[in-house]
There are 2 protein chains.
Amino acid sequence: MSLRQMEYFVTVVEADSFTRAAELLHVTQPALSHQIKALERHVGGPLLERLPRGVRLTPMGRAFLPHAEVAVRSAAQADRAARAAAGAQEGELHVAAVHAVAAGLLPRVVARWRRERPGMELVLHEYGRDEELDDAMERGVADLAVGHGGAGAAARTVLGEEEVVVVLPPGDRLAGGPVRLADLAGRDWIRCAMEPVVEGRPFIDLACARAGFTPRTAVRTEHTSTAVAMAAAGAGIAAVPSYAVPEAVPTTPLTPPWRRPLHTWSRTPFTGPAAALLPYLTAALP
Amino acid sequence: MSLRQMEYFVTVVEADSFTRAAELLHVTQPALSHQIKALERHVGGPLLERLPRGVRLTPMGRAFLPHAEVAVRSAAQADRAARAAAGAQEGELHVAAVHAVAAGLLPRVVARWRRERPGMELVLHEYGRDEELDDAMERGVADLAVGHGGAGAAARTVLGEEEVVVVLPPGDRLAGGPVRLADLAGRDWIRCAMEPVVEGRPFIDLACARAGFTPRTAVRTEHTSTAVAMAAAGAGIAAVPSYAVPEAVPTTPLTPPWRRPLHTWSRTPFTGPAAALLPYLTAALP
DNA sequence: CCGTCCCATAAACATTCTGCATGGACAGGG
DNA sequence: CCCTGTCCATGCAGAATGTTTATGGGACGG
């Protein structure tokens with residue numbers, strides 16, 4: 001059983017097609033067919049069903065896939081880590097984050113990094129929710145993650161604190177000045193799927209419960225940026241990290257201020273470019 | 001870069017010798033030399049220094065090793081998972097646990113398993129402390145772990161509760177009847193390296209502090225069984241899980257009883273033999 | 001200074017992988 | 001109903017890769 005066979009298998013599953021996977025892998029389709037067959041012979045049974053349209057995992061394939069994914073990703077990480085340790089100024093650094101962080105915080109980081117280290121390419125992996133990010137990191141998709149998870153990671157440090165601010169409808173009477181959470185009782189809330197879960201309850205539920213009310217949910221969005229856009233359009237109010245809000249949209253701070261730590265973590269100790277990125281990240285936090 | 005090259009590399013590091021690694025891998029030494037060299041050529045620099053006696057990791061090697069290990073172990077797990085899913089009654093199931101659990105709890109489990117499923121071989125991986133077990137599981141050494149860690153694992157269930165009992169010197173006046181922790185103030189304690197850390201302090205420190213005293217440490221042992229043997233020999237008292245104590249050694253329960261949950265976990269959902277082992281484990285807990 | 005241990009190198013041989021050409025199964029359209 | 005396009009499997013030759021056997025060189029210890 002070879003790494004290549006596993007890589008081929010993972011790609012076929014992702015592409016849902018032998019032919020497309022062969023293109024992605026830059027090999028001919030017969031070569032790929034052959035390797036998958038060899039892999040199936042090795043493990044002693046079929047890993048996927050060939051359907052007229054696409055493929056389907058067999059129970060064996062389902063059992064095999066997650067481990068194979070880890071193996072393939074880890075091999076790629078090993079490669080990058082070694083090259084980076086050689087002091088290579090060229091290569092790739094894979095960074096994983098939830099969409100809000102990637103869109104709100106990383107642009108400045110990426111800009112500076114690219115300016116000061118051309119040649120070292122940053123590859124971003126974006127996820128909708130903190131849980132997906134955590135899962136992906138455990139599967140080894142990236143060298144480094146930025147976000148609110150990473151509990152139990154081998155290496156993890158606090159980058160700084162993000163401040164949660166409120167986006168109010170345009171012209172709202174409370175706009176500008178600091179507001180107490182309790183002042184926002186009775187409003188329509190725009191909720192976000194990526195809200196972290198604390199003590200078994202979504203973040204905002206918990207905070208509002210402590211402020212003495214239950215938030216009424218108007219909309220649930222997938223991405224934080226969507227929530228901001230909705231709030232800016234007057235659909236309700238949203239409580240989001242300050243970096244998720246574009247310059248043009250006015251925000252309202254909370255009193256007392258609501259902060260939470262932002263972490264970076266990795267499956268192995270920070271080395272090479274991953275370590276070099278840390279100060280860039282810290283500097284990007286207000 | 002191939003899986004084999006990474007496997008060879010990991011083995012050389014473990015064996016601290018090309019020649020011994022070649023024997024372990026059942027290949028000749030030149031074949032191994034050749035592959036390591038090819039791997040080093042691939043990543044663009046040396047991964048290890050060849051010393052007159054043994055090898056030493058270069059910084060590149062140090063960066064490469066942990067990822068390579070994950071890749072190699074995950075590939076092996078993928079293999080086993082697929083074979084198991086095929087309904088194979090033969091194969092291997094790798095189980096990881098701390099020594100005390102392996103020695104105290106698993107023998108009965110293994111005995112029954114072997115009786116009812118000959119052909120499916122159990123491979124045990126033993127660790128001195130819960131932290132080492134957690135680390136090893138993240139590196140993918142086993143299909144299943146039994147112990148007190150596993151926070152953040154993809155699959156994790158409670159097997160039951162273990163009871164912590166006290167081993168007193170032979171003929172101690174408190175022997176037999178339930179004792180309160182506070183009654184044990186002023187005794188010499190035999191401490192164990194595998195004591196879990198709760199709230200940043202060793203388990204026993206915390207419990208004794210709550211009972212109003214600071215335990216005086218007589219000895220620190222590596223393994224729980226050593227601690228039990230010492231206590232049984234009259235070197236002091238030890239508080240250990242009941243399953244860690246041999247039949248012949250009398251134990252004294254605590255009042256109120258001191259229990260803690262015992263978990264099993266895995267990096268992926270329980271399937272095949274791993275799932276089949278769960279009831280065996282549950283049944284083994286009193 | 002010589003023997004031993006350990007790893008590197010060279011060349012022959014064996015294995016494995018790939019690409020090309022081709023064939024069979026299936027679904028949709030005329 | 002047949003034709004055609006899509007998709008995956010198979011057979012075979014050439015290329016690439018891995019392994020073995022044989023040999024060489026450097027470090028250490030007596």
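In the text below, chain A, chain B and the rest are named by the order of the sequence lines, each starting its count at 1. The basis for the numbers below is simple: all heavy atoms, side chains too, and nothing from hydrogens, waters or symmetry mates.
Sorted by first then second residue, the salt bridge (charged side-chain N to carboxylate O under 4.0 Å, His left out) pairs that include residues 68-79 of chain B, not counting sequence neighbours, are B:Glu14-B:Arg73, B:Glu69-B:Arg73, B:Glu69-B:Arg139, B:Asp79-B:Arg83. Residue pairs meeting the side chain to side chain donor-acceptor pair (under 3.5 Å) criterion with at least one partner in residues 23-38 of chain A, sequence neighbours excluded, are A:Gln5-A:Gln35, A:Gln29-A:Ser33. Applying the salt bridge (charged side-chain N to carboxylate O under 4.0 Å, His left out) test to every pair with at least one member in residues 46-57 of chain A, sequence neighbours left out, gives these pairs: A:Glu40-A:Arg50, A:Glu49-A:Arg56.
Between its two ends, the helix from C:dC1-D:dG30 to C:dG30-D:dC1 turns its axis by 20°, counting five pairs per end and rounding to 10 degrees.
Residues forming a side-chain contact (heavy atoms from CB on, under 4.5 Å) with B:Ala76 (at least two apart in sequence, or on another chain): B:Arg80. Every side-chain contact (heavy atoms from CB on, under 4.5 Å) that B:Ala21 has, sequence neighbours left out, goes to B:Thr11, B:Val12, B:Ala15, B:Leu32. Taking the salt bridge (charged side-chain N to carboxylate O under 4.0 Å, His left out) definition, one finds that B:Arg112 meets it with B:Glu116, sequence neighbours left out. In this structure A:Arg4 satisfies the salt bridge (charged side-chain N to carboxylate O under 4.0 Å, His left out) test with no other residue, sequence neighbours excluded. In this structure B:Ala111 satisfies the side-chain contact (heavy atoms from CB on, under 4.5 Å) test together with B:Arg115, sequence neighbours excluded. Residues meeting the ring-ring contact (aromatic ring centres under 6.0 Å, His included) test with A:His94, sequence neighbours left out: A:His125.
A donor and an acceptor atom, one from each side chain of B:His99 and B:Thr224, are nowhere located under 3.5 Å apart.
OP1 or OP2 of C:dA8 sits under 4.0 Å from a side-chain N or O of B:Arg50.
Sorted by residue number, the list of members of residues 54-62 of chain B with any non-hydrogen atom under 4.0 Å from DNA chain C is empty.
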Mind listing the N/O atom pairs, protein and nucleotides 20-23 of chain D, below 3.5 Å?
unit_1	atom_1	unit_2	atom_2	d
D:dT20	OP2	B:Thr28	N	3.0
D:dT20	OP2	B:Thr28	OG1	2.8

